[in-house]
Amino acid sequence: MANVLSIIVQRLLLGLLTLLVVSIVIFLAVNALPGDFAEAILGQGATPESIATIRRDLGLDQPMVVRYFDWLSKMLRGDLGVSFAQLNFRTNLGGAGDVGVAEQIAPRLANTMFLAATTAIIAVPIAVTLGVLAALYRNTIFDRAANVATLSSISSPEFFMAYLMTLFLAFIFPIFPSLSNISADLTFFERLEKTMLPAITLTLVVTAHMMRMTRAAIINLLASPYIEMARLKGMSPMRVIVKHALPNALAPIINVIALNLAYLITGVVVVEVVFVYPGIGNLFVDAVKNRDIPIVQACCLIFAAAYILLNLTADILSILSNPRLRHPK
Amino acid sequence: MSALMWIVLILIGIAAGGWLLRWAGQKATSNAPVFRDMPYGVAFGYVLGAAILVAGVFFYFKPTVNDAGTAVAGVVFFRWAVQGLLLSMLLAIGFKQFGKYVGTAGTRKLFRSMPLTASFGILIIIIYVIMAVFAPIIAPYGQEEVLASANVIPGGNPAMGGDPAYPLGTDQIGRDVLSRLIYGARNTVGIAFATTVLAFLLGATFGFLAATLGGWLDQFLSRAVDVLMAIPSLIFALLLMTIATVWAAEWGIPLTIFMVVIIAVIDSTRVYRLARAVGQNIVVMDYIEAAKLRGEGLGYLIFKEILPNATAPLLAEFGLRFCFVFLTIAALSFLGVGIQPPLADWGTMVKESASFISFAQFAPTAALPPLLAAGAIALLTVAVNFVVDWMLHKSSGLKE
């Protein structure tokens with residue numbers, strides 16, 4: 001067990017280091033902008049005095065290293081700064097609307113998590129069941145059809161799937177609403193109903209990948225001697241797969257599930273835009289279009305952190321699912 | 001509620017049908033092995049498949065116009081989908097037969113063992129290349145040409161707001177949708193192709209260099225790639241595009257060029273990984289040792305010894321990378337920061353015409369422009385994936 005623990009600690013430290021370097025990359029990328037934020041905030045109608053004010057407010061007169069550590073320590077304390085739209089408003093009109101980026105992001109992050117969780121709850125059982133069935137009935141018509149269908153749904157762009165779903169489930173057969181206008185005062189079921197269409201779209205995209213990996217992982221094992229043995233003693237094919245092959249295929253399956261969850265949190269951007277779902281992806285795209293650097297920076301860091309964390313979890317879980325690593329000789 | 005009850009009833013019926021099928025089969029064929037050893041799940045699957053088929057045929061032949069004279073959108077779209085599927089199957093079969101009898105002995109042999117999906121993929125890729133190369137000849141109008149009437153409904157039926165001169169209608173400012181779709185093949189596919197080539201030049205060069213030289217260069221490049229890969233690629237691309245919009249305005253360089261470079265750099269990290277892994281396996285071979293002893297230079301080693309032996313995995317990866325780059329560009333364009341107007345581009349077209357989907361119930365053809373543009377993207381990536389899947393399957397020699 002001590003061995004496993006040391007591996008986990010090692011991975012965690014490595015993940016933290018990666019995150020630190022990623023934050024440097026993001027900071028450098030943003031600071032490579034010509035001109036500086038002050039001009040970007042004020043746009044065309046900037047006067048030298050207001051530029052100087054903002055520059056002093058943001059600490060832009062400091063050297064870059066100082067600014068980086070300043071930014072990083074603020075990030076760690078949860079202070080993600082104030083968005084340019086808010087700053088511009090405050091400087092030009094003198095309002096006191098002090099909504100920080102953190103307050104803007106928090107509810108949207110929760111919404112995105114809700115969408116990702118709903119999708120995962122629908123997608124994971126379907127994907128694993130279908131994968132097992134495809135492995136069981138391999139090279140039959142069912143397997144071929146599943147192969148073609150999953151390959152098509154993996155390779156289509158998300159917005160194609162999204163619009164097809166809207167077309168069929170919102171307009172032709174009006175079952176779900178086509179836009180996800182979610183607000184805080186909805187009951188759980190209303191919320192679920194409005195989340196359903198984006199969740200179904202994402203399910204279609206991730207299920208295909210997970211199912212193919214499950215099938216491949218199981219089929220890889222079918223040539224091993226202990227499966228042969230189980231078959232020879234007269235076990236039914238279903239039992240062979242569920243009792244003998246599936247537990248040994250868990251590591252790659254867990255891995256691919258975690259990777260797809262990472263995709264769910266970071267790759268939902270397009271789906272959120274299609275359904276105007278008030279998640280973090282939608283906020284990010286709006287910020288990118290308005291060049292609202294503080295929001296872009298913060299979102300990027302959150303996405304990267306989630307991505308690294310889930311990859312890390314996949315790593316650790318696949319170690320834990322392997323008895324040979326859990327009980328080293 | 002009654003709909004739910006119907007579904008449950010039908011499922012019970014199918015479950016009973018599966019049992020009945022097996023029992024009747026055993027009786028009728030006096031316990032032939034097919035039916036004797038058939039698990040219940042398989043029998044259920046057959047009956048379920050048959051039920052879906054019957055329901056599909058029944059739905060297909062429902063009238064497309066209801067008593068009030070308006071179109072029933074569900075049936076219309078279902079017919080289009082079925083017709084499209086049948087047409088593509090026929091095309092794939094036809095193309096495979098064509099390939100079996102025309103061409104050199106090598107290609108004929110290839111076509112004989114090819115699955116239908118792969119021949120369909122190859123056919124689609126050929127059609128797209130022809131569209132891209134001969135776009136100005138095929139397209140009836142120019143891609144930026146603003147015509148007399150805007151918002152013409154597709155279908156060419158004047159009673160429905162169409163115009164025979166524009167079979168797929170026109171967009172909000174009066175550009176011909178068909179022409180823009182055809183030019184889109186040139187712009188979207190062309191830019192994606194150029195980006196993939198650039199990504200491969202970068203990734204393969206550095207990957208082979210790292211594999212051959214090793215040492216600190218390998219360490220440095222590999223760690224840098226690790227960090228870049230820790231950021232989700234679409235998010236990173238969006239971040240860099242934000243910055244690029246400022247630079248593009250400052251220096252007067254088109255944003256599209258920035259996009260090509262950004263996506264190429266981000267994607268070259270994946271190519272680097274593969275090229276390095278493949279290169280490392282080749283570098284330890286005896287013939288590399290022999291070449292080194294002959295005193296060959298680094299360039300000779302990479303281009304004459306490693307590259308020819310790494311072509312097969314790199315080629316399969318090229319197909320997959322192309323799909324990935326193509327989808328990333330489409331997503332960026334769809335989000336409004338990719339290929340810039342007035343160039344015709346499928347992602348942008350989907351975005352501009354997306355709102356027409358809500359008219360699907362009243363006039364099914366009105367919903368076509370966004371679906372056609374998105375479908376054009378999907379069709380190409382599906383086709384490339386079919387071909388790559390077949391190539392991988394063939395080279396791995398997997399049988400079971």
Side-chain angles (χ1 to χ4, degrees), chain A residues 18-19 21-22 25-26 29-30 32-35 40 133 136-139 141-142 147-148 151-152 154-160 163-164 166-168 171-173 178 219 222-223 236-238 262-263 266-267 269-270 273-274 284-285 287-289 291 293 296-297 299-300 303-304 307-308 311, chain B residues 39 41-42 45 49 72-74 77 115 117 223 226-228 230-232 234-236 238-243 245-247 250-251 323 326-327 330-331 334-337 347 350-351 354 357-361 364 367 370-371 373-375 377-386 389 398 400:
Chain A
T18 317
L19 193 58
V21 181
V22 165
V25 171
I26 292 174
V30 168
L33 278 174
L133 284 180
L136 186 61
Y137 301 121
R138 58 196 171 280
N139 300 335
I141 282 208
F142 168 71
N147 185 33
V148 172
L151 206 56
S152 312
I154 291 178
S155 36
S156 324
E158 288 111 340
F159 53 80
F160 182 52
Y163 282 127
L164 277 187
T166 334
L167 177 65
F168 284 107
F171 292 121
I172 293 182
F173 305 106
S178 65
I219 287 185
L222 289 183
S236 76
M238 188 73 186
Y263 168 82
T266 60
V269 177
V270 172
V273 169
V274 170
F284 181 60
V285 170
V288 164
K289 278 191 202 149
R291 258 178 274 151
I293 303 290
V296 172
Q297 250 175 342
C299 287
C300 255
F303 282 132
Y307 197 68
I308 292 173
N311 276 321
Chain B
V42 176
V72 182
F77 278 104
T117 49
R223 292 298 82 75
D226 280 350
V227 169
L228 287 187
I231 310 174
L234 184 64
I235 306 292
F236 200 29
L238 278 170
L239 169 74
L240 294 183
M241 286 305 285
T242 325
I243 296 156
T245 44
V246 182
W247 278 359
E250 193 112 326
W251 297 345
C323 284
F326 185 57
L327 287 179
F334 174 74
L335 296 174
V337 287
V350 176
K351 184 182 183 54
I357 287 195
S358 50
F359 300 126
Q361 299 127 297
L371 290 180
I377 298 171
L379 193 62
L380 181 60
T381 43
V382 169
V384 173
N385 260 312
F386 278 162
D389 198 49
L398 273 177
E400 201 185 20

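What you are looking at is a predicted structure, and each value in this text was computed from that prediction instead of being measured. Throughout, a chain's letter reflects where its sequence line sits, starting with A, and its residues are numbered from 1.
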Given B/T117, B/D226, B/V350, the one with more heavy-atom pairs under 4.5 angstrom with chain A than any other is B/V350
Out of B/L238, B/I231, B/V337, B/L371, which one racks up the most heavy-atom pairs below 4.5 Å with chain A? B/L238
Of the listed residues (B/C323, B/G375, B/G336, B/P370), which shares the most heavy-atom pairs with chain A below a 4.5 Å separation? B/G375
For B/L380, is it the side chain, the backbone, both or neither that has a heavy atom under 4.5 Å from a heavy atom of chain A? neither
If you tally heavy-atom pairs under 4.5 Å against chain B, which of A/S156, A/P157, A/A287 wins? A/P157
Side chain from CB out, backbone as N, CA, C, O: work out which of these in A/V285 comes under 4.5 Å of a heavy atom of chain B, or both, or neither. side chain
With a 4.5 angstrom heavy-atom cut-off, could you sort out which part of A/S152 is near chain B: side chain, backbone, both or neither? both
Checking heavy atoms, do the side chain of A/N147, its backbone, both or neither come under 4.5 Å from chain B? side chain
Distance-only, no hydrogens or angles: does the A/N311 side chain make a donor-acceptor pair with backbone N or O of A/Y307 under 3.5 Å? yes
Does A/F159 have any ring-ring contact (aromatic ring centres under 6.0 Å, His included) partners at least two apart in sequence or in another chain, and if so, which? B/F334
Residues in ring-ring contact (aromatic ring centres under 6.0 Å, His included) with B/F236, at least two apart? none
For the atom pair CD1 (B/I235) and CD1 (A/I26), what is the distance rounded to the nearest 0.5 Å? 10.0 Å
Cut-off 4.5 Å, heavy atoms of chain A, and the answer for B/V42 is both
